[in-house]
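Heads up, the thing below is written out as structure tokens.
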Amino acid sequence: MLRAGIINVTSYMGGELVRLLAGHPEVKVTAVTGRSAAGKPLADVFPHLAAQDLMVGERIEEEVDVVFSALPHAASAEQCLPFIRSGIPVIDLSADFRLKDVSEYGDWYSVEHPAPELLDTSVYGLTELHRDEIAVAKVVGNPGCFPTGAVLALAPAVVAGLIEPDIIVDGKSGVSGAGRGLGLSYHFAEANENVSAYALSGHRHLPEMTQELGRLAEAPKPRVTFIPHLIPMNRGILSTCYATLRADSTGSDAKTRLREVYAEFYRGEPFVSVTDAPPQTKQTQGANTCLVYPTVDERTGRLIAVSAIDNLVKGGSGQAIQNMNLMMGLPETLGLSTAGLYP
Ligand SMILES: NC(=O)c1ccc[n+]([C@@H]2O[C@H](COP(=O)([O-])OP(=O)(O)OC[C@H]3O[C@@H](n4cnc5c(N)ncnc54)[C@H](OP(=O)(O)O)[C@@H]3O)[C@@H](O)[C@H]2O)c1
């Protein structure tokens, strides 16, 4: 069995890593850390994980074969550094190893990057787009939840050159996307029976979307307007993406050709399915799946691509385990066979 350590296990991401890895046949979680819970059984914080019988430590002192970090940005890179320097594979769920341009990281996160020298060799962990690099990486920057859904919805159209570079992403997230920290907007009375747009002047997940879609496109690079919305549900992200189809991509068979492009792009992918009807977040709950539905708005000549994910699984911990499997030379799907919990 490989031994896994989890830094900041008491986050939503950390709890999901323990839950998912409990069913992994080749990996055992042997060390977990947390700040305020240090010295307590994990069951005190997460009773649903009592069967794992883990004690929360301040630091990972034990020898481990792989490390996940679920700390916030900046704190995460700092705590990952000793493991990275020892050559232990690290999957960081924060934003610290996602952006390749260090000045962009500084602009969006308003802190100096703790280890800019690692950005050249760390790999962006959107598995479907970076599989070969992840398999040989020592540091993976696991993607943000919104970019996971949006980039998977748009990638086939961008790669095939079907759309103009102006893209709109309308993202809707459940409340767990904001983590376990307290904030007025996330109180029951504020969030329930309510839908709100936020970060209209720019969300931190936007540069990830432009970085990744930009890699896939010929010039001119895509320009993305991304507006997230908070929805009163626990988990899930629905991304509805719009872009004008290039003139040679329209016509009476545009929808059929578009669906063929998407089906081909995701052929054989274990966790991405092209659906015959618009997907719903509930269909992905608890599972490492991304459901994608592309179609054409014939009146306007626009692509509409809708994707659904569970932000805590394919948008976070599940994808982190998918990446770990590749990094450790294991089959990519190991431990991730749970189907969505529906209804
Ligand atoms: N939530 C999502 O959907 C999602 C998806 C993808 C990626 N991510 C990323 O994954 C990471 C974890 O996210 P999350 O939402 O699961 O977190 P979370 O539930 O918000 O965890 C926050 C907890 O982390 C601890 N913490 C905060 N700052 C710390 C520090 N400087 N040092 C030590 N502990 C600290 C605090 O616990 P104590 O007060 O108990 O110490 C805090 O309650 C973040 O980097 C996030 O951006 C989140």
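In listed order, ligands and their atoms are each counted from 1.
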Using a strict 4.0 Å cut-off to heavy atoms of Ala70, name the atoms of ligand 1 that fall inside it. 11 (C), 12 (C)
Polar contact flag for Leu71 and ligand 1 (N/O pairs, less than 3.5 Å): yes
Are Ile231 and Val175 connected, step by step, through hydrophobic side chains (Ile, Leu, Val, Met, Phe, Trp, Tyr) whose heavy atoms are closer than 4.5 Å? no
Run the side-chain donor-acceptor check on residues 52-59: report pairs under 3.5 Å with partners two or more places apart or on a different chain.
none

Just which atoms of ligand 1 are under 4.0 Å from any heavy atom in Ser176? 1 (N), 2 (C), 3 (O)
Give the numbers and elements of all ligand 1 atoms closer than 4.0 Å to a heavy atom of Arg180. 18 (P), 19 (O), 20 (O)
Which of the numbered atoms in ligand 1 are below 4.0 angstrom from a heavy atom of Asn8? 23 (C), 24 (O), 25 (C)
Side chain proximity check, Val140 to Glu133, heavy atoms < 4.5 angstrom: no
Among non-hydrogen protein atoms, atom 17 (O) of ligand 1 lies closest to Ser11 CB, 3.4 Å
Arg98: numbered ligand 1 atoms lying under 4.0 Å from its heavy atoms: 7 (C)
Phe97 ring center near His113 ring center (under 6.0 Å): yes
For atom 31 (N) of ligand 1, what is the nearest protein heavy atom, given as residue, atom name and distance? Ala75 CB, 3.6 Å
Charged N to carboxylate O below 4.0 Å: is that the case for Glu128 and Lys314? yes
How about atom 34 (N) of ligand 1: does it have a protein heavy atom within less than 4.0 Å? yes
Within a distance under 4.0 Å of any heavy atom of Ser94, pick out the atoms of ligand 1 and give their elements. 45 (O)
CD of Glu193: more than 12 outside heavy atoms within 6.0 angstrom? no
Where the side chain of His229 meets the backbone of Gly171, is there a donor-acceptor pair that is under 3.5 Å apart? yes
Could you tell me whether a side-chain N or O of Asp44 sits under 3.5 Å from a main-chain N or O of Lys40, the two making a donor and an acceptor? no
Treating Asp96 as the side-chain partner and Ala77 as the backbone partner, does any N or O pair qualify as donor plus acceptor under 3.5 Å? yes
Flag the pair Glu164 and Arg302 as a salt bridge only when some basic side-chain nitrogen lies within less than 4.0 angstrom of an acidic carboxylate oxygen. no
Can Asp248 and Arg246 be counted as an ion pair, charged N to O under 4.0 angstrom? no
Top protein contact for atom 29 (C) of ligand 1, by heavy-atom distance: Arg35 NH1, 3.4 Å
Closest approach of any protein heavy atom to atom 13 (O) of ligand 1, naming residue and atom: Met13 CG, 3.7 Å
Nearest protein heavy atom with distance in Å, relative to atom 9 (C) of ligand 1: Leu93 O, 3.2 Å
Short question: side chain of Asn311, backbone of Ile237 - any donor-acceptor pair under 3.5 Å? no
Below 4.0 angstrom from a heavy atom of Gly315, which ligand 1 atoms are there? Numbered from 1 as shown, please. 5 (C), 6 (C)
Quick one: which ligand 1 atoms are inside 4.0 Å of a heavy atom on Tyr12? 16 (O), 19 (O)
With a 4.0 Å heavy-atom cut-off (strictly under), which part of Asn142 contacts ligand 1: side chain, backbone, both or neither? neither
Of all the non-hydrogen atoms in the protein, which one sits nearest to atom 38 (P) of ligand 1, and at what distance? Ser36 OG, 3.3 Å
Among all protein heavy atoms, pick out the one at the shortest distance from atom 15 (O) of ligand 1; state its residue, atom name and that distance to 0.1 Å. Gly179 CA, 3.1 Å
So which protein heavy atom does atom 3 (O) of ligand 1 come closest to, and at what separation? Asn311 ND2, 2.9 Å
Pick one of side chain, backbone, both or neither for how Ala37 approaches ligand 1, counting any non-hydrogen atom pair under 4.0 Å. neither
Honestly curious: do Val27 and Ile88 fall in one hydrophobic cluster under the side-chain, below-4.5 Å linking rule? no
Looking at ligand 1, is there an atom of it that comes within less than 4.0 Å of some heavy atom belonging to Gly177? yes
